There are 2 protein chains.
Amino acid sequence: MSGELPALLAVTFRAVMDHVHTRLAAEGFGDVRPAHGFVFQYLSFHPEATAVELGEHLGVTKQAAVQLVDELARRGYVERRPHPTDRRSRVVALTARGWACVERVTALWRETERRWAELIGEDRLGALREDLTALAADAAGGRPVPLRPLW
Amino acid sequence: MSGELPALLAVTFRAVMDHVHTRLAAEGFGDVRPAHGFVFQYLSFHPEATAVELGEHLGVTKQAAVQLVDELARRGYVERRPHPTDRRSRVVALTARGWACVERVTALWRETERRWAELIGEDRLGALREDLTALAADAAGGRPVPLRPLW
DNA sequence: TAAACTTAGTCAAGTTGGTTGACTACTCGT
DNA sequence: ACGAGTAGTCAACCAACTTGACTAAGTTTA
């Protein structure tokens, strides 16, 4: 059958993330919503981001971004500190708990990949990764793909 | 690098669907929200579904399902008809416009796959489809994966 | 170096897409 | 033929956003 690949991508991703969320919940990280994942993702690569930056990356208003940050701060995943030079601004950083959660997600993803390697073999998995990288790059057409709300 | 495959699935799917939505909008189907896609998907395989059935499949309450249907009916994509035997119930069916929209999506997906075949070759694409099918089945662990809100 | 402009964040109100709960009308099994 | 269950509706509520107006701090420019 042809034309079903996009759906297959979605279904696979969905199944993985359902599993990850179940595991996270069992390990005490049950209070993270899908949208939070994108905050974590961004903060782990931009450790001193501001709320406005975060909003731009997530494609939401600054007000919504601040609300997300407040919620995560209340739950102990992030911390707001005064900006070193700009007194209007405050930087958002992951706390130890925030980092721990990020670590768990990446560990679970690696675990998933190991499982997949067993299923289809290292070679096929390598080809899969390589091909998907090419397809994603082509589909994105040079634009950055924001990795936004999906899970 | 290892552990990035789940993200790669998401990014690829996201890029494809962004493209599809852009094209749909340009062809006069600009008034469909992501959630509608799942309604279409379900109705195209269950042509005489009820609102309650739809709600169960989408994982939302029947009230939310009815609201979705009303919205799509207002825009001419679906139609509500009396149920042939059960006078409490009404069946929801795609209109000509609804079917046209579904056709366009599947055509755009096929087009995407043809493009991908050019990029990585028929063989690799076949392997990709085969492997992803296996991984999805394994990740789902026997459970049906509902193909719910993602786009 | 002061006036004009821009930017980070806040406050408040409105919108949207859902929820739960209570209800009516109908169906079905015994 | 009646009691339990089901399809759909109405109404009230809630969460996650939005838009718009604002303050305070920073930046540019003449």
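Note that the structure is predicted; figures quoted are calculated from it, not measured. Letters A, B, ... mirror the listed sequences (proteins, then strands); counts begin at 1.
- In this structure, B:Arg74 atom CZ and C:dG17 atom C1' are separated by 13 Å, rounded to whole Å.
- Residue B:His83 contributes atom NE2, which lies 15 Å from atom C1' of C:dA25 at whole-angstrom precision.
- Looking at heavy-atom distances under 4.0 Å, A:Thr61 makes contact with a base.
- Judged by distance alone, with hydrogens and angles left aside, B:Gln63 brings a side-chain donor or acceptor within reach of the base of C:dT20, the pair sitting under 3.5 Å.
- The pair A:Arg75-A:Glu71 meets the salt-bridge criterion, since a charged nitrogen lies less than 4.0 angstrom from a carboxylate oxygen.
- Rounded to a whole Å, the CD atom of B:Glu56 is 13 Å from the P atom of C:dT19.
- At whole-Å resolution of the value, CD in B:Gln67 and C1' in D:dT9 are 12 Å apart.
- Both A:Arg87 and B:Arg90 lie near DNA chain D, and the one whose nearest nucleotide falls closer to the 5' end is B:Arg90.
- Comparing C:dT10, C:dG18, D:dC17 by their nearest atom to the side chain of A:Val60 picks out D:dC17.
- Inter-residue side-chain proximity for B:Leu68 and B:Arg33 is flagged as met; some heavy-atom pair is nearer than 4.5 Å.
- Between the CD atom of B:Glu53 and the P atom of D:dA7 there is a distance of 8 Å, given to the nearest Å.
- Between B:Asp18 and B:Arg14 there is a salt bridge, since a side-chain N of the basic residue sits under 4.0 Å from a carboxylate O of the acidic one.
- Taking every heavy atom of both residues into account, A:Cys101 and A:Phe40 meet most closely at SG-CE1, 3.7 Å.
- Residue pairs meeting the salt bridge (Lys or Arg N to Asp or Glu O under 4.0 Å) criterion with at least one partner in residues 98-110 of chain A, sequence neighbours excluded, are A:Glu27-A:Arg104.
- Remark: the B:Arg88 side chain and the C:dT27 base include no donor-acceptor N/O pair separated by less than 3.5 Å.
- One interatomic measurement links the two molecules: CZ of B:Arg33 to P of D:dA16, which rounds to 17 Å at whole-angstrom precision.
- Remark: B:Ser89 is not in phosphate contact with D:dT6, judged by side-chain N or O atoms under 4.0 Å from OP1 or OP2.
- Distance CD (A:Glu71) to C1' (D:dA15): 9 Å, rounded to an integer number of Å.
- Remark: C1' of D:dT18 and CG of A:Leu68 are 14 Å apart, rounded to the nearest angstrom.
- Heavy atoms of A:Thr50 sit under 4.0 angstrom from primed sugar atoms or phosphate atoms, though from no base atom.
- Closest approach to the A:Val52 side chain among D:dC17, D:dT9, C:dG9 is made by C:dG9 (side chain taken as heavy atoms from C-beta onward).
- Comparing B:Asp86 and A:Lys62 by the nucleotide of DNA chain D whose heavy atom lies nearest to each, the residue mapping closer to the 5' end is B:Asp86.
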